[in-house]
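Structure first, then comments.
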Amino acid sequence: MAAAETPAPTNFIRNIIDEHNKNGRFDGRVVTRFPPEPNGYLHIGHAKSICLNFGLARDYQGRCHLRFDDTNPAKEEQEYIDSIMDDVRWLGFDWGEHLYYASNYFDQLYEFALKLIRGGKAYVDDLSAEEIRAHRGTLTEPGKDSPYRGRSVEENLELFTGMKDGQFPDGSRVLRAKIDMAHPNLVMRDPTLYRIRRVIHHRTGDKWCIYPMYDFTHCISDSIEQITHSICTLEFEDNRALYDWVLNQLEVYHPQQIEFARLNLEFAVMSKRKLLELVKDGHVDGWDDPRMLTIRGMRRRGFTPASVRLFCERIGVGKKESWIDMYWLEKAVRDDLNPKVPRVMGVLDPIKVVLTNYPEDQEEFFEAPFFPDDPPAMGSRKVPFCRELLVERDDFMEVPAKKFWRLAPGREVRLRWAYFITCDEVIKDADGNIVELRCTYDPATKGGDAPDGRKVKGTLHWVSARHGVPATVRLYDRLFTVPNPDADKTRDYKEFLNPESRVDMPGAVLEPVLAEAEPDTRYQFERKGYFYVDPADSAPGKPVFNRIVTLRDSWAKIVEAAKREAAAQARAAKKKKKQQKNKG
RNA sequence: UGGCCCGUCGUCUAACGGCAGGACGUCAGCCUUUGGAGCUGAUUAUCUAGGUUCGAAUCCUGGCGGGCCAGCCA
């Protein structure tokens with residue numbers, strides 16, 4: 001396997017773990033966790049975190065827990081829990097028996113809150129949400145103490161118990177940590193620990209009407225589970241001070257929080273809000289639309305788990321906010337699929353070719369290997385051939401451009417596995433559109449080699465017009481037309497949606513073997529790209545193909561470079577003209 | 001006139017005071033019945049100004065640039 005996942009290169013987190021292992025801080029244990037909130041579907045950004053946490057556990061012979069951070073019942077649902085578990089498994093990771101829910105710790109969390117109160121480190125505040133905000137101060141000014149900050153331990157105990165017992169209306173009181181309202185780190189200005197909220201929790205039902213906040217829950221959950229390295233994204237850097245404060249006050253086992261830079265991918269959006277909006281407003285066909293970089297979308301597109309893992313390994317882990325070019329994702333799928341999938345032929349946008357010197361009633365079958373780089377590896381199939389063929393419309397140019405090696409009037413090319421053909425005549429309709437190419441074949445070149453040793457520059461894929469099977473083929477491309485749809489704050493990211501992100505090819509015709517293609521299998525359509533047989537939309541004998549990714553296309557690069565040069569020349573000419581005008 | 005974090009080839013990422021390395025891209029060549037794949041070679045970087053040191057990408061200070069923080073979200 002050429003795309004085998006090489007041992008992950010070192011990174012700053014591994015260095016920290018190595019250091020801990022050396023100084024014995026965690027007795028050589030490595031226990032990580034992936035802690036999603038079940039309020040949405042997983043996306044490629046989560047995949048980075050999953051690969052990191054589970055990868056570390058694997059490489060250090062430790063373990064990684066899957067823990068649902070379900071402390072906000074207003075937003076969370078069982079459906080998300082199920083899909084998250086399914087996606088993590090699909091990615092190839094296994095949490096064994098280590099499946100946890102923060103909600104399982106609600107009793108312990110409550111006891112810890114009591115302990116904080118008894119130690120004079122937390123108090124019940126009657127201020128409203130707006131008042132608390134007003135008291136918090138600003139980035140440059142200190143906050144003010146709440147008038148309720150000085151309550152006695154007894155009063156706090158009574159009030160907090162009352163909160164739990166449902167004696168107070170939603171939002172009327174909160175439990176706050178007593179730290180420092182003048183702290184330069186705003187997270188430390190007496191953060192809220194518990195709020196009253198009468199919402200049915202998807203796991204605990206109506207048992208609780210108070211729910212703990214993230215900062216209080218997460219560190220204690222990590223501590224309970226004996227996590228060693230609690231890895232999260234950069235925006236939690238400020239929260240680490242509180243993470244440490246809570247565990248220090250409680251005098252319990254204390255993991256190390258480490259922050260890394262989240263994934264930013266060009267030509268995509270990642271926020272849950274935007275993903276949801278794309279689905280709700282119908283810009284895509286659901287959470288599993290192949291254009292979505294949700295795990296479900298990528299699965300539907302045809303990405304393999306190995307390709308996603310390969311991508312995550314290659315982009316690395318650091319603390320620098322960087323934008324990853326979509327090329328890395330595309331490259332990872334190609335590299336993973338290249339040695340694994342069979343080659344076949346399909347014409348996506350056909351133009352008819354008639355071989356004038358090939359007998360009308362004759363047909364023959366060519367034996368074509370599924371994997372030409374190593375023919376025995378995947379066997380072969382028979383490809384039918386006859387007088388009427390289909391080739392790709394853009395494999396012909398009436399006036400061939402520079403460096404265009406394909407079919408053109410008078411030009412000889414090879415039809416893969418078949419014969420050399422030469423174009424003699426171009427047939428057009430009344431509007432001047434090319435509708436047919438008249439060609440002659442050279443019987444001596446059967447199989448694709450000329451006995452006289454003459455060479456052709458181009459090899460074309462093709463399909464027999466008589467035997468080919470029409471099929472549904474969808475071409476998918478990046479969802480946005482610009483690298484960062486969010487960059488311009490004066491414009492909505494949806495303005496940059498790529499209208500050609502999904503292009504259906506109604507005229508596509510494939511070689512006959514593909515009629516029986518099994519759902520959930522992948523092929524390389526030679527010269528066109530990698531395709532996936534859509535598991536949801538395919539029917540027996542009627543496969544639907546999603547393009548996963550194109551092949552690397554150096555001809556497209558030549559075309560693009562030519563365009564760029566032409567534009568540059570036009571600019572230069574214009575400038576020169578202007579200068580001359582100014583002189584004169 | 002707040003706190004915290006981050007600045008290394010085009011891109012991503014190594015180098016924990018000792019020769020700035022790898023991958024991808026790019027360019028050139030080879031090979032090729034996929035303009036795919038493969039092979040060979042070349043190419044390019046420490047934000048900036050000081051300081052410490054025999055020696056600084058690394059430590060210190062200032063500047064510049066970027067990110068995060070004022071939810072009873074996570």
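Note on naming: letters A, B, ... go to the chains in the order of the sequence lines (proteins, then strands), and numbering restarts at 1 for each one. All of these numbers come straight from a predicted model, not from anything done at the bench.
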Residue-phosphate contact under 4.0 Å: [X] side-chain N/O, [N] OP1/OP2:
X	N	answer
R198(A)	C72(B)	no
T71(A)	A74(B)	yes
R189(A)	G3(B)	no
R527(A)	G35(B)	yes
R136(A)	C72(B)	yes
K320(A)	U8(B)	yes
S554(A)	G36(B)	yes

A correct 5'-to-3' footprint of nucleotides 16-30 of chain B, with B, S and - meaning base, sugar-phosphate only and no protein heavy atom under 4.0 Å, is B------BSSS----
With rounding to whole Å, what would you report as the distance between [N] and [M] at their [atom1] atoms?
N	M	atom1	answer
U1(B)	G62(B)	P	13 Å
C72(B)	G65(B)	P	32 Å
C16(B)	C9(B)	C1'	22 Å
C64(B)	G55(B)	P	29 Å
C54(B)	U46(B)	P	26 Å
A20(B)	A14(B)	C1'	9 Å

Which is true for [X] with a 4.0 Å heavy-atom rule: it touches a base, it touches only sugar-phosphate, or it touches nothing?
X	value
N239(A)	base
M345(A)	nothing
Q524(A)	base
R133(A)	sugar-phosphate
T138(A)	base
D215(A)	nothing
I558(A)	base
D373(A)	base
V456(A)	nothing
I132(A)	base

What nitrogen or oxygen pairs link the protein and nucleotides 66-68 of chain B at under 3.5 Å?
residue : atom : partner : partner atom : Å
G67(B)  : O2'  : E321(A) : OE2          : 3.2

Please find the pair of heavy atoms, one from [X] and one from [Y], that lie closest to each other, and give the distance.
X	Y	value
P350(A)	R393(A)	O-NH2, 3.6 Å
A408(A)	M397(A)	CB-O, 3.3 Å
V463(A)	L510(A)	CG1-O, 3.8 Å

Of all the choices, [options], which nucleotide is nearest to the side chain of [X] once you look at every atom?
X	options	answer
I315(A)	A74(B), G2(B), C12(B)	C12(B)
F404(A)	G35(B), C73(B), C12(B)	G35(B)
E526(A)	U34(B), C12(B), C72(B)	U34(B)
V174(A)	G35(B), C72(B), U34(B)	C72(B)
L186(A)	C12(B), A74(B), G2(B)	G2(B)
L551(A)	C69(B), G36(B), G35(B)	G36(B)

How about [X]: does its [atom1] atom have over 12 heavy atoms from other parts shown lying under 6.0 Å from it?
X	atom1	result
E565(A)	CD	no
R262(A)	CZ	no
K382(A)	NZ	no

Is L66(A) close to F68(A) at the side-chain level, that is, under 4.5 Å between some pair of heavy atoms?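 A side-chain contact under 4.5 Å exists here.
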Q256(A) versus R25(A): any side-chain heavy-atom pair under 4.5 Å?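 In contact.
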Would you say the ring centers of Y110(A) and F160(A) fall short of 6.0 Å from each other?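 Judged by ring-centre distance (under 6.0 Å), Y110(A) and F160(A) do meet the cut-off.
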Between E130(A) and R240(A), who's closer to the 5' end of RNA chain B by nearest nucleotide?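 Going by which nucleotide is closer to the 5' end, it is R240(A).
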With pairs taken as Watson-Crick or G-U wobble and both distances under 3.5 angstrom, which stems of at least three consecutive pairs involve RNA chain B?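 Ordered by first number, the stems with RNA chain B (at least 3 consecutive pairs each) read B:2-7 with B:64-69, B:10-13 with B:21-24, B:25-30 with B:38-43, B:47-51 with B:59-63.
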To the nearest angstrom, how far is [X] atom [atom1] from [N] atom [atom2]?
X	N	atom1	atom2	value
E141(A)	G3(B)	CD	C1'	15 Å
L175(A)	G71(B)	CG	P	19 Å
W555(A)	U32(B)	CH2	P	22 Å
K457(A)	G36(B)	NZ	P	12 Å
Y80(A)	C73(B)	OH	C1'	15 Å
N264(A)	C12(B)	CG	P	10 Å
I196(A)	C72(B)	CD1	P	14 Å
R262(A)	C6(B)	CZ	P	17 Å

Could you walk me through whether R273(A) and E277(A) satisfy the salt bridge (charged side-chain N to carboxylate O under 4.0 Å, His left out) test, starting with their C-alpha distance in whole Å, then the side-chain angles of each, then the deciding distance to 0.1 Å, before giving a yes or no? CA-CA 6 Å; R273(A) 200 206 97 225; E277(A) 192 174 32; 3.6 Å; yes
Could you list all the salt bridge (Lys or Arg N to Asp or Glu O under 4.0 Å) pairs where at least one residue sits in residues 185-197 of chain A, not counting sequence neighbours?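 Pairs touching residues 185-197 of chain A that pass the test: R149(A)-D190(A).
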Conformer about C1'-N of G7(B) - syn within 90° of 0, anti elsewhere: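 Glycosidic conformation of G7(B): anti.
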Does R67(A) use its side chain to pair, donor to acceptor, with the backbone of R33(A) at less than 3.5 Å?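 No, the answer is negative, given that no donor and acceptor are paired below the 3.5 Å cut-off.
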With sequence neighbours excluded, what pairs up with T304(A) under the side chain to side chain donor-acceptor pair (under 3.5 Å) test?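 T304(A) satisfies side chain to side chain donor-acceptor pair (under 3.5 Å) with S307(A), D336(A) only.
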Identify every side-chain donor-acceptor pair in residues 547-555 of chain A under 3.5 Å, counting partners at least two apart or on other chains, and give the distances.
residue : atom : partner : partner atom : Å
R547(A) : NH2  : Y476(A) : O            : 3.4
D553(A) : OD1  : W555(A) : N            : 3.2
D553(A) : OD1  : A556(A) : N            : 3.0

When you measure from the centre of the six-membered ring of F370(A), is the NZ or CZ of R343(A) closer than 6.0 Å and no more than 45° off the axis?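 So R343(A) doesn't make the cation-pi contact.
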With a distance cut-off below 6.0 Å to the six-membered ring centre and an angular limit of 45° from the axis, does R478(A) pair with F267(A) as a cation-pi contact?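 Geometry flag: set, cation within 6.0 Å and 45°.
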